[in-house]
Each structure stands twice: as structure tokens, then as C-alpha cells.
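Nothing here was measured: the structure is a model prediction, and the numbers come from that model. Side-chain atoms are counted along with the backbone in the values below, which use heavy atoms only and exclude waters and symmetry mates. Counting starts at 1 for both ligands and their atoms, following the listed order.
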Amino acid sequence: MSDISIPEKWRWFPQARFGIFIHWGPYAQVGRGEQVLIREWLDHREYAAAACRWNPRKFDPRQWAATARLGGFRYAVFTARHHDGYCLWDSRLTDYTSAVQAPKRDFVAEYVEAFRAAGLRVGLYYSLADFRVPAYLEGPDINPAGWRTFCEYVHGQVRELLNNYGKIDVIWFDGSWPRTREDWRSEELVRMMRGLQPDILINNRLGKPAVKPAGPDHYKNMLEDAGHSRELGDFGTPEHSITADPGRLWESCQVSTWRLWGYTIGEHWRPAELLLDMLVDAAGQGGNLLLNVGPDADGVMPPEFVERARVIGDWLRVNGEAVYGTEARELPDTVTLGRLSCRGNNLYLILRFWDRRLSLRLPWLQTRVRRAALLGSDCPLSVSQNDWELTISGLPPQMERMLFPVIRLECDAPPAVHPSAGKSPLWSDHPLCYVPWARRRGESVWVDGQAR
Ligand code: GLC
């Protein structure tokens, strides 16, 4: 990604690296995720009646924003409307909204205001899909007139969201499947959004192309099938996976539990170190992590999430320079050490485990290193380097911060790897880079094929 040019207006996004995804709506009352309406074929009338009664009195987005700050998140994406169709803002196009029904509040307005006041960038998630609407389910071929009306409704709601709440930094579409970008009139939608919000970042879930691209690219085809577009949208959104989307901005969206995004009663939580590992994995590859939480039906963030946010935030306050604003570089796998990230002339070694060694060797770094430092500690480190390897000495036998200590290597230039040492050279096509190393071994027990 270092070789793609990012417009000035979007530079904040790779700087931010860590976003909080908030899935919240009347489905939190059921407590089995955001898609329970369709997954369990719930009775529509009962679901809607419960949604209209839903009145989350503890919703306080200032509290949410405080949790986001605590966790070191730099931006947020909030579900203005999910697939169940309930709107968390004062939409004039329907009365199925938090403004008209029990809460009598515009939750989107309150969220935007609180997060902005806390210094976070604000994003809105909007589901194109609406499981209540038969015309949506039938689609344009079966019900062209119904689809036209539905599509107008969608465009009109997006217009409201981008017109009425000041500057929105990210709009995050979802649920375009199985329709095409032509069905959704996505290009027109993008033009409208750019007109209203010239700086906005638009995600890539704007509908699959009408004609499937030819070629054997399985990954690409899979994404296209899921409605992820390469041509439309400003950033890629790999889901449940941390896979770089080369040539453009990208953000991996992940749950902090198992599979569901909305509040789930009794679900198990991923440990903080796993969530942190996902963040450094994405940042090391030049991408963002959008980490999800589903607040409960009253509007309270689950304490399990807050606790994890605290751990990650504490780590970021010391080691954040290894995450915020990192750049993608071709770096080797360092599975015996942990993860790597780069920013400017700095290379960060993010140590997943500390085996109490007093020195550490890197055999693949070509760039000269001036200084090494253990972040958050005043322990003096020294470096020595020759053409063959870099050695960092003076590491403490005990690490005060056991959760992923970080060593910063300040280099003469942007860190580069010996040309022969590609990524994962052993099982790609570069085992040749190991030949000089193997030759240094000298005499072999197996000499020229002759047994002794
Ligand atoms: C999937 C799910 C949806 C969720 C989204 C988040 O598309 O259908 O429920 O909101 O992932 O990326």
C-alpha cells in the first residue's frame, strides 16, 4: 500500500487503524444476533410490535464514546439500519424509527454528536437489504415496480443520513447480495453521496457486477458473489478474515465473540490478546481493524467488551506507534517472534511471547539500524549489524509488560528486506535465498553423495 497514493482527505483512515463497529437495534432484545428475524423465520408482526415497544433507556452514546477512547479506537461505525429495517434515526420515509416509536429519540443524531465531541471520526452502517419488504426479496426481475419503489426508498434514506447529520466520515453499506450494482443503481448512489459529502469514505459493498468477471481468481470471485465490488467504493472490507486488499485502503471487520454481530446472550468472548493480535496483524499488513461490539437491549456495552477495550487501550497507549499510521511493506513471516509493522524509517517487532532471551537476531533486514528501543521502558538496548545479521542486545530477563512487548528499530531508510528473502520463501518460489546460509554450514555429513 505504500505505493498507492491516498488522497489527503482520506489520510486519517490509515492513521486511525482501529475502529469500533457497533451493531445495535431492537434485535438486541432477542439476544441472538442481528439477523434473528430471518434466521429464525420469526413472525413479522410480533417482531415489529416488540421493536416498536423497544425503549433502551440506558443508551448514552457519551458512555460508548468513552469506552471507544479507553480502547484506543479512533473511529466508529454505527448501524443506522440493519436488515430488519428498523431505523435508528428520524427518517421521514417511514415511521418504523426510534424517533417515532417508543424512544422518541434520534439515536443517530445522539451518536454522531457524542462521538464527534470525543474526537472520534464517525461512520454509519446502512443495510441495503430490508427483510420486511417482499419486493426486496422478490427483486427487480420478479417485481420491477416494487423494486423501483424500494430502491427509491433506499436512495432517499441514504440522502437523509448524509444530509442531516453534518460531516460523516464513513458510509458502510451491507446486504447488497444477491442483487447487482445495476439493480441498486449504485453508481448513481455514489454520485449523490459524493455531491453531499465530498470527503466521505464509501465501503465496497455496493453490489456485484451484472457480468461476472472471467478468470480463475477464486478469492476475487468469492468476494464479488458476496457483493464486494472492486470498482466501486473506496476501501475493501474483508469479513472474519485479515486479508490485504492490495492497491487500495482496506479494513478487516471482525467480531469480538464468535460469529454474530448483534448482542448475544451467553456468547463466549475472544481474549484480549487475540483481539490485539488481530489489530497488529491488520496494521502490519497496512490495513485497519473494525472490531465489533453489540450493546445490550438497554443500550449498555457488555462489561466483557469494556474490559477488553481497557487492556487493548493500555497497550496502545504505550505501543500505539506500532499500529497507528503503519504502512504495508513486503516483510517476512516471523512466526518464531511475533508480528512486524513499519512506519516511516521505523520497523516494529511486536513480540508475541517473551522467552527471556537477552539478545535477539534478525537475519533478513537489509537496512541499517541506528538505534533500538523497547517501548515503554528505559532499558538501554544496543545493536550490532553486519551484512549477514542484526543483533539486538541488552534485553531484560523480565518484561514488565508481558502482553506483546514492542521493539522499535530506527533505520536509516524505510526498512527493506534482503532481495533474496521474500515472504515465506520456503514454500513459495524463493528457497534459493537460503543457499548462502546453507553453504556456511561447511563440511557436511553427506558429502557429494558418498557415504563414509
Ligand atoms: C454480514 C452480516 C451482517 C453484518 C455484517 C458485518 O454481512 O450479514 O449481519 O452486519 O456482516 O460486516
What orientation do [X] and [Y] show, parallel under 30°, tilted 30 to 60°, or perpendicular over 60°?
X    : Y    : value
H83  : W177 : perpendicular
W64  : F78  : perpendicular
F235 : F13  : tilted

**Q.** Region of F173 that comes within reach of ligand 1 [heavy atoms, distance under 4.0 Å]
**A.**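 Neither; no heavy atom under 4.0 Å.
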
(Q) Taking 4.0 Å as the limit for heavy-atom contacts, which would you say applies to R205 with ligand 1: side chain only, backbone only, both, or neither? (A)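 It is the side chain that touches ligand 1; the backbone stays farther off.
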
Looking at [atom], what's its closest protein heavy atom, distance included?
atom                   : result
atom 9 (O) of ligand 1 : E34 OE2, 2.6 Å
atom 2 (C) of ligand 1 : Q35 NE2, 3.1 Å
atom 3 (C) of ligand 1 : D174 OD2, 3.4 Å
atom 1 (C) of ligand 1 : E239 OE2, 3.3 Å

All N/O donor-acceptor pairs, side-chain side in residues 253-263, below 3.5 Å, sequence neighbours left out:
| residue | atom | partner | partner atom | Å |
| --- | --- | --- | --- | --- |
| Q254 | NE2 | S252 | OG | 3.1 |
| S256 | OG | N292 | O | 2.5 |
| R259 | NH1 | H240 | NE2 | 3.4 |

Q: State whether the shortest distance between N or O atoms of H23 and N or O atoms of ligand 1 falls below 3.5 angstrom.
A: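 Between H23 and ligand 1 (N or O atoms, distance only) the closest approach is under 3.5 Å.
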
Q.
Please check whether W177 reaches ligand 1 - meaning an N/O of the residue sits under 3.5 Å from an N/O of the ligand, judged on distance alone.
A.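 For ligand 1, there is no N or O atom that lies under 3.5 Å from one belonging to W177.
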
Output the list of atoms in ligand 1 that are nearer than 4.0 Å to some heavy atom of [X], sorted by atom number.
X    : value
C253 : 12 (O)
H83  : 3 (C), 8 (O), 9 (O)
H82  : 3 (C), 4 (C), 9 (O), 10 (O)
W172 : 12 (O)
Y125 : 10 (O)

**Q.** Heavy-atom closest pair, residues K167 and Q197
**A.**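 Smallest heavy-atom distance, with atoms named: CA-OE1, 3.6 Å.
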
Please tell me whether [X] and [Y] have a donor and an acceptor in their side chains that are separated by less than 3.5 angstrom.
X    : Y    : answer
R408 : N346 : no
N204 : T237 : yes
N319 : Y348 : no

**Q.** Residues E110, R105: salt bridge by 4.0 Å N-O rule
**A.**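 Between R105 and E110 there is a salt bridge, with a charged N closer than 4.0 Å to a carboxylate O.
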
